[in-house]
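Naming convention: chains lettered A, B, ... in sequence-line order (proteins, then strands); numbering from 1 in each chain. Heavy-atom basis, side chains included; hydrogens, waters and symmetry copies ignored.
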Amino acid sequence: MAYWLIKSEPDVYGIEDMRRENVGIWDGVRNYQARNYLKAMKKGDRAFFYHSNAKPPGVIGLVEVVEENIADPTQFDPESDYFDPKSTPENPRWHTVKVRFVEALPEIVALERLREHFQPEELGVVKRGTRLSVLPVEEAIAQRLLKLGGFEHS
DNA sequence: GCCAACGTTGGC
DNA sequence: GCCAACGTTGGC
């Protein structure tokens with residue numbers, strides 16, 4: 001089982017939306033490096049849910065991958081902001097996963113606090129200028145983060 | 001609102 | 001294939 005970190009803006013889709021829907025396709029990622037990480041995700045993997053563009057930004061919850069390697073349906077939808085005319089169902093360009101809500105923290109682990117505990121090499125999200133919305137988290141780092149956040153369902 | 005740090009696009 | 005211009009992300 002691997003750990004990841006996925007970013008979302010709470011104004012667009014936050015941890016409470018995730019809790020309400022329980023299960024959802026992580027759609028709308030249109031960056032190749034992030035896509036490659038999404039493709040590498042396996043069922044049972046866990047991902048830290050990160051609120052970006054928030055006050056404060058930080059880790060707010062945990063989700064679990066319940067289905068891997070899904071073609072992002074929004075790429076075929078002309079009405080969607082994420083429509084990609086160059087993508088076809090026969091040869092989809094954007095793959096993602098389905099995730100399930102696991103846990104929301106009562107208190108966010110703010111970016112400032114993350115910086116106190118992790119080096120940029122340890123946790124990519126604390127590095128300035130990291131815009132990637134999907135990042136791998138090493139096992140040992142994940143364990144430290146689980147402890148720091150006080151996660152119960154690790 | 002600013003702007004650094006990217007990623008993408010398109011002319012050549 | 002290069003790279004300038006442009007667009008986006010996201011912290012501050």
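At the heavy-atom level, R115(A) lies under 4.0 Å from the strands shown only through sugar-phosphate atoms.
Per the geometry, CZ belonging to R35(A) stands 11 Å off P belonging to dT8(B), to the nearest Å. Protein atom CG of N31(A) is 18 Å distant from nucleotide atom P of dA5(B), rounded to whole Å. For the pair N53(A) CG and dC2(B) P, the computed distance is 16 Å after rounding to whole Å. E9(A) places its CD atom 8 Å from the C1' atom of dG10(C), with the value rounded to the nearest Å. Taking atom NZ of K86(A) as the reference point, atom C1' of dT9(B) lies 9 Å away to the nearest angstrom. Between R93(A) atom CZ and dT8(B) atom C1' the separation is 12 Å, expressed in whole Å. At whole-Å resolution of the value, CG in D81(A) and P in dG7(C) are 17 Å apart. The distance between atom CZ of R128(A) and atom P of dT9(C), rounded to the nearest whole Å, is 16 Å.
Between Y13(A) and W26(A), the ring-plane angle classifies as perpendicular under the 30° and 60° cut-offs.
Under 4.0 angstrom from either OP1 or OP2 of dG11(C) there lies at least one side-chain N or O belonging to Y50(A). Listed pair K7(A) / dG10(C) meets the phosphate criterion, a side-chain N or O lying under 4.0 Å from OP1 or OP2.
With R100(A) as the partner, the side chain to side chain donor-acceptor pair (under 3.5 Å) test is satisfied by one option alone out of E67(A), E64(A), E21(A): E64(A).
Mapping G129(A) and Y32(A) onto DNA chain B via the closest heavy atom, the residue that lands nearer the 5' end is G129(A).
Between F49(A) and W4(A), the ring center distance fails the sub-6.0 Å criterion.
Using a cutoff of 4.0 Å between basic side-chain nitrogens and carboxylate oxygens, D72(A) and R30(A) are scored as salt-bridged.
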